[in-house]
Amino acid sequence: MLAKISLVLLSIIFTITSNAQHCPFDGLSIILIQSEAALNKNSIKATEYILLEIDNKKVSECAYSKKLVDKTFKPADSIYKENNWISKYEEKLGVSLKDAGNYYVLLNMAQVNCMIKKGNDFIYRERKFVIIPIDKKNKKQKQITIEPSFIYSLCTSKNDWQDIKPVILKN
């Protein structure tokens, strides 16, 4: 009898543990932006937003990402077409990805941190980013610095998904 109870308890523990260990987006981080200009039909909208890494003199030493990060933000509602996992987790988000004017970019671990090989380990250096809005006439507008607190890791205890908020871009 004791053996059966032990077996049942053990199987429950393994079931709980195995469900809690898998994360479909290991190593991914997200940056969200919200353009107030996109909500105002009379304003001059940026046609695209670029995430650009700055101030990294050791970029050639970064393992797995040896170039400065340069990524284009995508309309946030397109995340559903490109990442079928997001709809399962959307209720956890602190912001709606379907709202007009929201854009996102996903970064892998090597794009968030410059990982410099040291022996059998890595030194992690936080990368610095700016957003560059580009208007319809292909003119770059003022750069906006991204604070590290707006880079949300999707699969660690560092951030709760409820805390994910966009960087608000003023007109």
Side-chain angles (χ1 to χ4, degrees), residues 19-56 59 62 64-115 124-171:
N19 286 337
Q21 288 183 2
H22 179 69
C23 181
F25 21 81
D26 270 342
L28 281 182
S29 292
I30 190 168
I31 299 174
L32 291 175
I33 61 174
Q34 184 178 65
S35 168
E36 287 187 349
L39 303 174
N40 181 354
K41 293 181 181 175
N42 297 325
S43 71
I44 299 171
K45 297 181 195 178
T47 54
E48 70 179 319
Y49 300 94
I50 307 295
L51 179 74
L52 186 64
E53 180 182 0
I54 58 169
D55 299 334
N56 188 349
V59 71
C62 300
Y64 310 113
S65 186
K66 294 184 181 291
K67 295 180 183 176
L68 290 174
V69 176
D70 180 355
K71 297 186 89 167
T72 301
F73 280 86
K74 298 177 183 180
D77 60 353
S78 71
I79 200 169
Y80 298 99
K81 296 174 197 150
E82 298 172 20
N83 303 282
N84 59 4
W85 49 262
I86 197 69
S87 59
K88 297 175 188 173
Y89 297 90
E90 182 182 24
E91 70 278 356
K92 294 180 180 183
L93 285 171
V95 64
S96 173
L97 296 175
K98 294 177 183 170
D99 290 346
N102 285 346
Y103 298 84
Y104 82 98
V105 69
L106 293 175
L107 301 170
N108 64 37
M109 189 183 331
Q111 292 170 326
V112 173
N113 295 291
C114 175
M115 302 164 54
Y124 289 83
R125 297 179 128 192
E126 204 168 69
R127 294 179 187 246
K128 297 176 186 174
F129 299 102
V130 293
I131 298 171
I132 303 174
I134 300 175
D135 69 17
K136 292 179 182 179
K137 296 178 184 173
N138 223 12
K139 293 182 182 175
K140 292 181 180 180
Q141 298 175 11
K142 182 182 173 187
Q143 293 182 0
I144 300 127
T145 302
I146 295 288
E147 296 298 324
S149 61
F150 283 98
I151 302 172
Y152 295 96
S153 176
L154 294 176
C155 204
T156 67
S157 60
K158 180 179 177 184
N159 297 111
D160 184 349
W161 279 42
Q162 288 295 323
D163 296 334
I164 295 176
K165 302 286 185 247
V167 175
I168 305 295
L169 306 180
K170 305 283 183 191
N171 291 349

Could you tell me whether the side chain of [Y] reaches within less than 4.5 Å of the side chain of [X], counting heavy atoms only?
X	Y	value
Ile144	Ile33	no
Leu169	Tyr49	yes
Thr145	Ile54	no

Which heavy atom in [X] sits nearest to a heavy atom in [Y], and how many Å separate them?
X	Y	result
Phe73	Ile31	CE2-O, 3.6 Å
Ala110	Ser65	O-CB, 3.7 Å
Arg127	Gln111	CD-O, 2.8 Å
Asn113	Tyr124	CB-CD2, 3.8 Å

Calculate, to the nearest 0.5 Å, the distance between atoms [atom1] and [atom2] belonging to [X] and [Y] respectively.
X	Y	atom1	atom2	answer
Ile50	Ile134	CD1	CD1	4.5 Å
Met115	Lys66	CE	NZ	11.0 Å
Asp70	Leu51	CG	CG	8.0 Å
Ile30	Leu107	CD1	CG	9.5 Å
Leu52	Ile131	CG	CD1	11.0 Å
Met109	Ser29	CE	OG	8.5 Å

Partners meeting side chain to side chain donor-acceptor pair (under 3.5 Å) with Asn56 (sequence neighbours left out): Glu53

Under 3.5 Å donor-acceptor, Tyr103 side chain and Thr72 backbone: no

Residue from Ser78, Pro166, Pro75 passing side-chain contact (heavy atoms from CB on, under 4.5 Å) with Tyr104: Ser78

Exceeds 12 heavy-atom contacts within 6.0 angstrom, atom NZ of Lys71: yes

Stepwise side-chain contact (heavy atoms from CB on, under 4.5 Å) test for Phe129 and Ile151: CA-CA 10 Å; Phe129 299 102; Ile151 302 172; 3.8 Å; yes

